[in-house]
Each structure stands twice: as C-alpha cells, then as structure tokens.
2 protein chains.
Amino acid sequence: MGIIERKARQKADLRARILEASRAIVLADGFAGLTMRKIAQAIDYSPGTLYLHFAGRDEIARELCIGGLRDLVAALTPTAAILEPRARLEAVAQAYLRFGLERAETYRLVFMEDPTIVKVIYDRPEAGSDDDPGTQAYRLLAAGFFELQAAGRLKPAADPLVLTDAFWSSLHGVVSLKLTCPGFPATPVEILLPTLVKSLLDGMLV
Amino acid sequence: MGIIERKARQKADLRARILEASRAIVLADGFAGLTMRKIAQAIDYSPGTLYLHFAGRDEIARELCIGGLRDLVAALTPTAAILEPRARLEAVAQAYLRFGLERAETYRLVFMEDPTIVKVIYDRPEAGSDDDPGTQAYRLLAAGFFELQAAGRLKPAADPLVLTDAFWSSLHGVVSLKLTCPGFPATPVEILLPTLVKSLLDGMLV
DNA sequence: GTCTATAGGCTGATAGAC
DNA sequence: GTCTATCAGCCTATAGAC
C-alpha cells in the first residue's frame, strides 16, 4: 500500500500548495486579483493542472473562505482563558478588530465579498456541528452573553442570542467600515472600538 | 448664443443618460457587472462615445458613488422633522437600514467596494463644505448627539463625535452584514436593529 | 498527472474614417 | 461627435499529446 499512500500524500500536498499560493495572491492583490493563471505560475504548474484538484476558481475561493474563518476562530480562542464574561467580550472585540485589520484581504473575502462565497459556511455538511468554524466563532461570543444572563446581569427579557448578533454586527461595522473607508470614521479605532463596546455593554447589562 | 447653449445642453443630457444607464446596470448586475460596452449598448451609442464624456470607467463609478450618497442623504433627511433627539436618532437608524436593504447595490458601491472609489468623497473640492453629501449625512447624525450633550443627557466626558462614529459604524455593521451574509445574524433585522440601537443609546445616555 | 495549445469569451481604451 | 474596427490584454475551462 506504500505506493498508493505516497501518491495520495503527494496529491494532498499539491492541493495544499495551491491553497497556500492562492492565499498569498489574495493577500497581495485582493480577491479580484486571484486568477487560475497566477496560481499556476506561483506553484510552477500549468493552469490545467489546477482543475485536477479543484473544480474551478469558485471552489478555491470557498476553501480560502473556510480557512479564513478557521483563522479567525484561532485568533479569538485565546480570550476563552478570561473567566469574567464582560472582560472576555471586551477582549474578543479587541482580537476581532485586530484580526480584521491585520488580515484585511482575508476578512474581506469571508465577510464582505459575494454572498455566494460565504454561503458555503452554512451549506456544508458540518454546518452547525462542533467542527464548523462559523459555529465555533459564534459560540465564543454567545457564551459570554449566556453567562451574563445566568449571573442575572442581563437586563430582564433580553435574549442572549439577539445580543450576540447585535454585538457581532457592531464589531463587523467597525472593521468593515475601516477597510472600505479608511479615514471615514475620523475617530481612531483604538478609541472608537472601546467606546462602542463599552456603550453597548453598558446598555445591555443591568 | 442659442446654438452653443443647445449643444451644451445636449452634451449634459447625454452625460446624464450615461449615468442613468450605469445606475440601472449596477442595480441589475452589481458593480462588477458594469462595463463600458453594456453602458453603450443601453443608450444605443458606441463604446468610444462614452470616453468623450468620462475619462473612463472609474470616473463613472465615482459619479455613481456620489449620487448614491446624495440619495442616502435624501432618505435620511425627513427624520430631521423629529424634534426629540433620541427619537430622531432611532428614526435615522430605521431609515438608514431601509435604504441599505432597498438599494443594496448602491449601498455596496458606496460603502463596501474598493476604497479608491469612495475616496473621491473626501478628495473632491467640495468635501467638508455644506454642499458635500458625505458631510450632510454625517451632520444629520452628529446633530443628534450634540443636542443630547447640550441637554446634559450624555454621560460626562463623552465626545459627541466619537459617539456619532460608533453609532454609524453599528448601523453600517447591520446593513453590510445582512447584504453579504443574508441569514447569518439569525435575528431578523426588525428585531436586531432596534435592540442594537436601544442598547447603544441606553449605554451612551445618562 | 502533467503538459501545451487553444477555444471562446470578456475587458478598457484608442485610432482613424466620416 | 459619432462611428467602426481593432489593439492588447485578461479570463476560465477544456482537448489532446506525452
């Protein structure tokens, strides 16, 4: 079986190299600059070869999208060490902003591009399961609000899931506005985000 | 002078027709679907003619961008009739969301596309003046927070301009997330936005 | 599996006739 | 001013040789 295994490994390797090269191109030229030709050139293969590993450009985009979301989860996860829920949510916000600004093109691809790309997150078989990065990221935030509720710190009748959505939407607003209109909210993000998070949580908690 | 005037008017008319056709194409096919050929075909002229009225595709995009912002201002302006500042800000939020969802492609073009397109808003000579739609939209929101401050209703040491930026960012977050990931914040916007706005303002006011 | 070659389409922008 | 024709380039995807 050694030969078959080796061939399978080589195939997986090339697939990984294709994705890695694609990631670099998206980083450098944006998603619009990602073309099959460029990818092939970057890994020294012919364009046709790519189609043996991916159905086409869209499939590569979807893989990158999921990978980016996985990276976001990885960037947010360390905050789980903070026990106090409000402090943890504030740390999540910081980490989220940081990720979005540092990995701008990745963030754009996942959250600001064509809806059909991000659609894969919900349509995949794992969607909703523990293995799904989208679910993991969401739970990371939702957990904080559930804990606050359990401690009786949420305003009565507040729905933790609705607050989670509101919180995430606000974070997304700061990041995405900064990426598209750098310099529009004149307030620097180091002040804007903490102010927003503080106001929001102050308004949500008793 | 009649002949010269007529020619000038004809020229301005064609320019307007080009923009109108472009707007329709962006509406139907998105910004990526806007091409010089399609525009020319829509108004029954040859592609070359477009270049007599615009330097190129980018200039058309910039004009559309400013026009879209102007429309946004028009959509928000009626709320100025509401005297009580908090109620007015809530109404602005509603109108903003409504505009973003109803004019999705326009909103995308102005606030979610290439930074170089929206850049024109700040670089134009009118930028910052009363005639500038960006400034007008911003003032519409900022006025509410200044009035709240004047009435002693803001938390001490709060900066109205920072709150304005935070408020706008949140609105943008709800709209843009909905446009890119329809169905991600599972909470329907009719609940999400009021919850967000209420929490935010509760946290900002004394 | 990988290559070369190419089909078949799109794009923005321009040159020169009228 | 407007047209036709075209340049020069890009793209995805595929067919057939090796």
Side-chain angles (χ1 to χ4, degrees), chain A residues 1-26 28-65 105 109 113-114 116-117 120, chain B residues 2-26 28-65 109 113-114 116-117 120:
Chain A
M1 289 299 195
I3 293 176
I4 293 176
E5 281 173 5
R6 193 203 61 212
K7 291 212 169 186
R9 199 178 57 240
Q10 282 178 345
K11 180 155 181 159
D13 275 359
L14 186 50
R15 193 184 155 92
R17 283 182 60 203
I18 291 171
L19 285 176
E20 196 180 356
S22 302
R23 216 178 72 92
I25 292 169
V26 169
D29 306 341
F31 176 58
L34 179 70
T35 71
M36 300 302 267
R37 283 169 143 76
K38 269 195 224 171
I39 300 168
Q41 199 176 5
I43 59 169
D44 291 317
Y45 276 86
S46 80
T49 303
L50 302 179
Y51 291 89
L52 298 174
H53 297 82
F54 295 94
R57 198 184 93 116
D58 285 359
E59 190 178 318
I60 295 177
R62 283 195 296 271
E63 288 293 324
L64 289 179
C65 187
E105 288 305 335
L109 178 64
E113 219 67 48
D114 191 341
T116 59
I117 298 174
V120 67
Chain B
I3 294 176
I4 294 178
E5 281 171 7
R6 192 202 62 213
K7 292 213 168 182
R9 198 177 58 242
Q10 283 178 345
K11 180 154 182 160
D13 276 358
L14 187 48
R15 192 184 155 93
R17 282 182 61 204
I18 292 172
L19 286 176
E20 196 181 355
S22 303
R23 217 177 71 93
I25 292 169
V26 169
D29 305 341
F31 176 58
L34 180 69
T35 71
M36 301 301 268
R37 285 170 144 77
K38 268 195 225 171
I39 300 168
Q41 199 176 5
I43 60 169
D44 292 316
Y45 276 86
S46 81
T49 303
L50 302 179
Y51 292 88
L52 297 173
H53 297 82
F54 295 93
R57 199 184 91 118
D58 286 359
E59 190 177 317
I60 295 177
R62 284 196 296 271
E63 288 294 325
L64 289 179
C65 188
L109 178 64
E113 219 67 49
D114 192 340
T116 59
I117 298 172
V120 66

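Numbers restart at 1 for each chain; the letters A, B, ... are given by sequence-line order, proteins then strands.
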query = Between B/H53 and B/K11, which heavy-atom pair has the shortest distance, and what is it?
reply = CD2-O, 3.8 Å
message = Minimum heavy-atom separation for B/L64 and B/S22, please, with both atom names.
response = CD1-CB, 3.9 Å
message = For residues 40-55 of chain B, which residue pairs pass the salt bridge (Lys or Arg N to Asp or Glu O under 4.0 Å) check, not counting sequence neighbours?
response = none
Donor-acceptor contacts under 3.5 Å from residues 29-43 of chain B side chains, at least two apart:
| residue | atom | partner | partner atom | Å |
| --- | --- | --- | --- | --- |
| B/D29 | OD2 | B/K38 | NZ | 2.9 |
| B/T35 | OG1 | B/K38 | N | 3.2 |
| B/K38 | NZ | B/G33 | O | 2.7 |

request  = Check each residue of residues 10-23 of chain A for a non-hydrogen atom within less than 4.0 Å of any atom in DNA chain D, then write out the ones that pass by number, or none.
outcome  = none
message = What residues from residues 48-57 of chain B pass a heavy-atom cutoff of under 4.0 Å to DNA chain D?
response = B/T49, B/L52, B/H53
inquiry  = For DNA chain C, which residues of residues 30-42 of chain B approach it to below 4.0 angstrom with any heavy atom?
reply    = B/L34, B/T35, B/M36, B/R37
ask   = From A/L14 CG over to A/Q10 CD, what is the distance, rounded to the nearest 0.5 angstrom?
value = 9.5 Å
task = Could you pull out all residues at least two apart from A/D58 that satisfy side-chain contact (heavy atoms from CB on, under 4.5 Å)?
result = A/R62
key: Partners passing side-chain contact (heavy atoms from CB on, under 4.5 Å) against B/E20 (at least two apart in sequence or in another chain)   = none
task = With sequence neighbours left out, write down each residue that passes salt bridge (charged side-chain N to carboxylate O under 4.0 Å, His left out) with B/E113, or none if nothing qualifies.
result = none
note = With a 4.0 Å cut-off (strictly under) to non-hydrogen atoms of chain B, the first and last hit nts on DNA chain C, 5' to 3', are C/dT11 to C/dT14
inquiry  = Rounded to whole Å, how long is the line connecting atom CG of A/D58 with atom P of D/dC11?
reply    = 15 Å
message = Measuring only between side-chain heavy atoms, which start at C-beta, is A/Y45 closer than 4.5 Å to A/I18?
response = no
